[in-house]
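Written below as structure tokens is the structure these notes are about.
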Amino acid sequence: MKMKEAESMAIKIEKLHFSYDSKNPVLNIDELNLRAGEKVFIYGPSGYGKSTLLNLISGVIPAFSGNIEVLGKKLLELSNSERDLLRGSEIGYIFQMFNLIPYLNVEENIQLSFKINPDRVRGLDVQKQVNDLIVALNLSEHRFKKTYHLSIGQQQRVAQARALVGQPSLIIADEPTSSLDANNSQEFMQLLINEWEKRKFTLVFVSHDERLKKYFDRSISLPEINKI
Amino acid sequence: MIHFLTLKSMANRKFTSFLCVLSIALSVTLFLGVERMREGAKDGFTNTISGVDLIVGAKGGALQLLLYTVFHLGSAVNNVRMSTYNEIKSHRSVEWAIPISLGDNYRGHRVIATDENFFLHYQFRGDQKIKFADGTMPLNIFDVVLGSAVANKLKHRLGDPISLTHGTNESSLYQHEKTPFKVVGMLAPTSTPIDNAVIINLYGMEAMHVGWESGVPTGDVIDPTRYQKENLEINQITSFMLKLKSRIAVLKMRRTIDTFEAEPVMAIIPGMALSEMWQTLGAIEKILFLISGCVLIVGLVSIVISLYTSINERRREMAIFRSLGAKSQSILALIVYEAMILVSSGIILGVTLLYTAIFALKPLLESRFSIYLENTFLTSTEWGMLLFIFIFGVLAGLIPGVKAMQRTLQDGLIIKN
């Protein structure tokens with residue numbers, strides 16, 4: 001498994017064309033390849049199809065032309081529920097904000113990863129991972145708090161923990177620090193990079209803040225590759 | 001998982017969820033309650049009299065005969081001769097007979113003159129007999145027994161003298177003030193027209209009309225010996241009830257009476273006549289059913305409204321579930337499951353409210369409205385109705401559910417507000 005992932009591409013995009021209606025193309029990407037285990041910064045100011053690209057990669061938009069392969073699977077060849085399964089078991093997703101379910105506590109929010117999709121467990125001791133991540137991400141004292149008692153910084157760390165639990169091969173972070181102040185932002189990045197160092201998952205980090213480039217191996221500019 | 005999330009989410013929206021459950025519960029209570037009242041009213045009505053095979057009176061309308069004999073409403077066009085009564089009563093297939101003589105009132109309550117058979121044999125609601133709350137039968141000429149409603153309303157005590165009014169109208173000019181009656185008994189409640197009646201014996205009826213042969217009082221001084229039973233001759237009664245030795249004989253007896261030669265009389269079968277009369281009131285039943293149905297629809301619409309507003313607030317939540325691999329169908333399931341919980345809680349609360357209401361209102365409904373509610377658990381019809389409500393509740397949940405599913409598909413993972 002590890003060998004195969006090392007050789008293969010985590011994300012492979014060829015000749016992608018996408019538009020919501022026939023008149024206004026949103027995406028036109030000739031080629032985009034992300035190696036497994038790579039941490040990549042995608043510079044994406046709003047208006048360059050960032051949301052659409054992430055929706056496509058995570059498999060919630062079913063129809064497009066061209067080819068998208070995620071973790072070795074051609075999305076167009078998968079059924080809706082196979083794409084949902086792929087996302088649920090192999091991908092961790094961090095939103096810009098409002099990542100958490102307000103009526104669940106911190107631990108329950110993290111557990112959602114494998115409760116909604118039991119395939120994510122894959123024989124792992126997921127509860128131990130939850131415990132470890134709570135410690136690693138400085139959330140111990142908030143474990144049983146309802147999420148609306150948390151600061152934004154704490155909330156984003158809970159979201160990070162949830163994305164990481166179950167050891168997904170691919171983490172997609174959609175501007176996770178843009179609602180944080182400098183200190184919280186730095187803490188979040190440092191913790192994320194620490195986790196990457198431990199397990200070397202593929203990290204796709206999208207942001208309009210170019211200062212964050214420094215944390216990554218490679219940087220791609222969405223305005224440059226999206227030729228609309 | 002869906003169960004866990006739904007309960008947690010509903011707990012987070014306690015108040016609106018509770019309001020929705022309450023609105024379903026109230027419509028369930030009303031729907032079942034109206035149905036029960038309808039049944040209860042019908043039962044109460046068709047069981048106003050029982051244990052009587054035939055009611056006999058002067059030829060005329062069957063409905064009229066039923067109304068004045070059983071409900072003490074309206075009056076007879078003609079009376080029945082005592083000789084006719086005696087002849088039919090002594091027919092070999094007759095077990096007993098109850099004579100009824102009407103025509104006077106006491107403060108608006110109809111006076112029924114009868115004999116002791118009335119107290120011994122008259123039945124209502126199956127096998128219930130007339131019981132005394134206090135006192136005894138009116139055996140002496142000027143004895144009177146009050147129905148329970150009359151006794152309650154007028155607050156009479158045993159021994160009180162009362163004088164009756166001539167005619168069926170309270171404001172009649174003629175009072176029987178020369179022949180005062182004495183209250184000797186009060187009846188227990190029956191939830192039938194008997195409660196509103198004042199009962200004397202046939203001799204009393206005859207006695208107070210001594211000297212009224214022309215239809216109005218003569219004003220002459222009456223010889224007191226004329227008020228003795230042996231000097232009173234009863235010539236006619238209004239109608240009478242018959243119990244036959246065998247039910248098989250009912251139709252034959254009816255034909256015998258309808259073709260009675262000495263006097264034009266007719267017989268009706270009270271159970272049949274009551275049912276027929278209830279049928280003519282069928283429009284009311286339909287309206288009640290329609291109203292309760294509308295109330296139920298309002299309750300079900302509240303599910304749609306409640307869930308529809310909630311999915312607006314929960315768009316973000318749905319996107320999170322989707323990002324964690326939830327299928328779009330799971331989003332539908334989440335909403336429909338919530339509808340199921342809402343409608344089943346509503347049903348349970350509604351049935352609880354129904355039984356609380358029945359328990360609390362039963363005495364009042366029986367005594368004041370003659371609506372007899374059976375104390376049974378849910379009947380199979382009611383189970384059917386509840387199942388129907390449940391299915392419709394879940395179907396109602398499909399409307400916001402499908403909407404939520406479509407919306408998550410449109411939204412994808414990134415919600416733009």
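Letters go in sequence order (proteins before strands), and every chain restarts at 1. Below, each value reflects all heavy atoms present in this structure, side chains not excepted, and no hydrogens, waters or symmetry copies. These numbers come from a predicted model, not from an experiment.
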Heavy-atom neighbours of [X] [atom1] exceed 12 at 6.0 Å:
| X | atom1 | result |
| --- | --- | --- |
| B/Phe4 | CZ | yes |
| B/Phe392 | CZ | no |
| B/Met37 | CE | no |
| A/Tyr48 | OH | no |
| A/Phe64 | CZ | yes |
| B/Lys403 | NZ | no |
| A/Lys39 | NZ | yes |
| A/Lys145 | NZ | yes |

So, do [X] and [Y] sit near enough that their side-chain heavy atoms are less than 4.5 Å apart?
| X | Y | value |
| --- | --- | --- |
| A/Phe95 | B/Ile320 | yes |
| A/Ile101 | B/Phe321 | yes |
| A/Tyr103 | B/Glu317 | yes |
| A/Asp84 | B/Arg322 | yes |

Of the backbone (N, CA, C, O) and the side chain (C-beta and beyond), which part of [X] lies under 4.5 Å from a heavy atom of chain B, both, or neither?
| X | value |
| --- | --- |
| A/Asn99 | backbone |
| A/Ser58 | side chain |
| A/Arg83 | neither |
| A/Glu108 | side chain |

Which value, rounded to the nearest 0.5 Å, describes the distance between [X] atom [atom1] and [Y] atom [atom2]?
| X | Y | atom1 | atom2 | answer |
| --- | --- | --- | --- | --- |
| A/Asn55 | B/Asp411 | CG | CG | 9.0 Å |
| B/Asn12 | A/Tyr148 | CG | OH | 6.5 Å |
| B/Gln410 | A/Tyr20 | CD | OH | 10.5 Å |
| B/Leu413 | A/Ile172 | CG | CD1 | 8.0 Å |
| B/Ile2 | A/Ile116 | CD1 | CD1 | 9.0 Å |
| A/Met97 | B/Arg316 | CE | CZ | 7.5 Å |

In terms of heavy-atom pairs under 4.5 Å, which option from [options] contacts chain B the most?
| options | result |
| --- | --- |
| A/Gly88, A/Ser81, A/Pro62 | A/Gly88 |
| A/Asp119, A/Leu112, A/Leu85, A/Leu54 | A/Leu112 |
| A/Asn80, A/Ile61, A/Leu104 | A/Leu104 |
| A/Arg120, A/Lys146, A/Arg162 | A/Arg162 |

Applying a strict 4.5 Å limit to non-hydrogen atoms, the region of B/Thr408 in contact with chain A is neither
Cut-off 4.5 Å, heavy atoms of chain A, and the answer for B/Arg13 is neither
What one should report as the nearest heavy-atom pair of B/Ala326 and A/Arg87 is O-NH2, 3.6 Å
